[in-house]
Amino acid sequence: MTVRTRFAPSPTGYLHIGGVRTALFNWLLAKQSGGQFILRIDDTDAQRNQEEALAPILDGFRWLGIDWDEGPEVGGPHEPYFQSQRLSNYQDAAAKLLDAGLAYRDYATTEEMTAEREAAEKAKTDFVYSRKWMAETDEQAAAFEAEGRSFVVRLKMHREGKCEFNDLVVGDVSVDWSTEADHAIQRADGTCLYHLANVVDDAEFEITHVIRGIEHLSNTPRQIFIAQGLGYTLPKYAHLPYVAEPGSKKKLSKRKIAEYLNNKDFKRLYQSGAAIAERIGLETDPATFSPVLVDFYKQIGFNPDAVNNYLLLLGWSLDDKTEMFSREEMLEHFSLDRVVKSAASFDPKKLQAFQERYMDAVPLKQKSRLCKKYLEQAKVTDDPMECDHLAMMKSIIEAAGDRLSMAGDILNFDDFFIEDDQLSYDAKAWQKRMVKPEQAGFLVGELYKVLSVHPEFAATELETAIKGFCETQGIKIGDIIHALRVAVTGKAAGFGMFDTLEILGRDRVLNRMALALDRLSDEQKSDSAV
RNA sequence: GGCCCCUUCGUCUAGUGGUUAGGACACCGGCCUUUCACGCCGGUAACACGGGUUCGAGUCCCGUAGGGGUCACCA
């Protein structure tokens, strides 16, 4: 039997990290055995959906390498894959259930229904609909219609016995049919609701395994009821625990970003991402740009495999030590029976740790390609980047090593690209390294003389030269290097000083040293004037 | 509230009756070092609680507590 799984997003505009994990598990189960993964668009609730809201979701999946065998854009033998275009299928199914006496026309108004529900709640009992406005014959229907009522179609659920099924993650599940309400499957306007559409599509698409969030576990009995009523063979079910908020066990929700921002680690991730996004001109409103949404990672230069690997381990494990999984290894080892039963909190730090490991393994060429885009979009360089900038960027990437944990981090090294006289100095660093040490100005001045006549402007030679300089001055290397770094980069920290000098080149180094010295003496003059 | 589910270091997890309860991220300390990182070495840290069953319980049973999910003419 070919395994066929599906993921069914509503076009809401954003791809949620928890949803991606569900999709990934579906994808893995299908692909590991040569099956198919299908993307179906749940847009039956026409009002709340817009067409353009689908694009970001599809882009997100493509970025992650979660490809679909059937669905939007690729089509397939069961077209269409949009629920909004499959209405007649659902209506046929509703009619069939009506004919079979497994559903009925219900003429209750919303108010009447709510009143019954509230009465049950007050009495602290299960809500069981009285079926007072149920019409099973045309005569009954006509009578209600004479009163000006309209109907919805409801499931005529069993009121005794149990619904029993096996869930591949949760285990055996048993639910009293009596606790299942008579759910509506068709609206007064003839359009159909989720449960019906879902079951009909799963059957028509020949889905063999329904893998979804555990919030759907309680929906399963009524869906089984529909499927059985329609004579379908039941798929296997697997309900995944949800992905929880950072630092809590509540379900992760994209609407509660403000709250998550109180979490230190979440906030830090958001801020580092937002800093990059701002520079490349993206909207950084946490409502649409946050670590809960995959687009966030895509925009700031995460490695999609790092995201997949992290998500794989959020609620699943192979053994007591394996953490790194290539695409092939995921496919080889994934199994539903090793899915954990409890909710797993989203941990921004661990995700970042995965990103660092993955980035470390990315070859220089590919890193260059990724970083280039950020410098261009932030207008740090021309777009497209000139050749000499490109060469410099490559040197920077090499020298930066793992200080580049995501591609967007290249913007931290923008000081190499800007004009010497445009360099800004970190106020604290300037104070601590240039102003405060009495010798700093003098030493930078002396070093200027040495460097201006130094023959070979390459890292190793510079190291020898500067160490020699320290000896003749009778100082430790730290006495000059910190001041030099601030003078030349404006920053307190960065990668190796000698690499920095080599990349900048003699002219720019000397120029920046001179500029810094001017600035220093200007400050001192105005100080003494006061 | 009804129904259902879950509970091992701060976090993700390993563990299927006998383990010094293992790993990873984070954290702390040290080494390395021109800064910041990396790396290396070391460390702190967990079986929610109470009863059983058993020679023996993180592992099985019952209860309690806590956490969570779900109860639409949403999906």
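Side chains included, hydrogens not; waters and symmetry mates left out as well; all remaining heavy atoms used. Residue numbers start from 1 in every chain, and the chains themselves are labelled A, B, ... in the order their sequence lines are given, proteins ahead of strands. Everything numeric in this text was worked out from a predicted model, so none of it was measured.
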When rounded to the nearest Å, what value does the distance between P atoms of A37(B) and C27(B) take?
-> 11 Å

Picking from A14(B), G23(B), U70(B), which would you name as closest to the side chain of V340(A)?
-> A14(B)

Mind checking what makes side-chain hydrogen bond (donor to acceptor under 3.5 Å, both in side chains) contact with R131(A), not counting sequence neighbours?
-> D182(A)

Of residues 481-502 of chain A, the positions that come close to RNA chain B - non-hydrogen atoms, cut-off under 4.0 Å = I481(A), H482(A), R485(A), A492(A), A493(A), G494(A), F495(A), G496(A), M497(A), F498(A)

Would you please confirm or rule out a distance under 4.0 Å between OP1 or OP2 of U70(B) and any side-chain N or O of K251(A)?
-> yes

Which is true for R212(A) with a 4.0 Å heavy-atom rule: it touches a base, it touches only sugar-phosphate, or it touches nothing?
-> nothing

Figure out the CG/C1' separation between N166(A) and C4(B), and round it to whole Å.
-> 16 Å

K428(A) NZ to C36(B) C1', in whole Å, measures 15 Å

Which nucleotide, C12(B), C36(B), C73(B), lies nearest any side-chain atom of K249(A)?
-> C12(B)

Touch check for H195(A), heavy atoms < 4.0 angstrom, all strands: base, sugar-phosphate only, or nothing?
-> base

Any R357(A) side-chain N or O less than 4.0 Å from OP1/OP2 of A24(B) | no

So, is R433(A) close to the U35(B) phosphate, meaning a side-chain N or O under 4.0 Å from OP1 or OP2?
-> no

Please state how far atom NZ in K264(A) lies from atom C1' in C25(B), giving the value in whole angstrom units.
-> 13 Å

Nearest listed nucleotide, side chain of D402(A), among C4(B), A24(B), C38(B) | C38(B)

Whole angstrom value for the distance that separates P of U11(B) from OH of Y260(A) | 17 Å

Quickly work out the E215(A) CD to C4(B) P distance and round it to whole Å.
-> 19 Å

Test side-chain hydrogen bond (donor to acceptor under 3.5 Å, both in side chains) applied to S178(A) and E160(A), step by step = CA-CA 5 Å; S178(A) 61; E160(A) 49 190 36; over 6 Å; no

Using whole Å, report how far CG of N219(A) lies from C1' of A72(B).
-> 11 Å

Scanning all shown strands, the Watson-Crick or wobble mate of G42(B) with both distances under 3.5 Å is C28(B)

Where the side chain of E323(A) is defined as all heavy atoms beyond and including C-beta, which of C27(B), U7(B), G23(B) is the nearest nucleotide?
-> G23(B)

Under-4.0 Å salt bridge between K251(A) and E245(A) | no

Under 4.0 Å between a side-chain N or O of K476(A) and OP1 or OP2 of U33(B)?
-> no

Ring center gap for Y107(A) and W133(A) short of 6.0 angstrom = no

With a 4.0 Å cut-off, would you call E112(A) and R149(A) a salt bridge?
-> yes

Taking CG from D320(A) and P from C9(B), how many angstroms apart are they, rounded to a whole number?
-> 17 Å

S317(A) side-chain N/O to A14(B) phosphate OP1/OP2 under 4.0 Å = yes

Selected nucleotide, minimal atom distance to S345(A) side chain, candidates U7(B), A24(B), C12(B) | C12(B)

Answer with yes or no after comparing the ring centroid distance for F346(A) and Y260(A) against a 6.0 Å cut-off, counting only values under it.
-> no

Using atom CZ of R222(A) as one end and atom P of C3(B) as the other, report the distance to the nearest whole Å.
-> 16 Å

Would you call R105(A) and E136(A) a salt bridge, taking side-chain N to carboxylate O under 4.0 Å as the test?
-> no

Is the ring centre of F416(A) less than 6.0 Å from the ring centre of F495(A)?
-> yes

Describe the nucleic acid contact of A184(A) in one word from base, sugar-phosphate, nothing, applying a heavy-atom distance below 4.0 Å.
-> sugar-phosphate

Side-chain N,O (R117(A)) to OP1/OP2 (A72(B)) below 4.0 Å = yes

Output yes when at least one side-chain N/O atom of R40(A) is less than 4.0 Å from OP1 or OP2 of A75(B), else no.
-> no

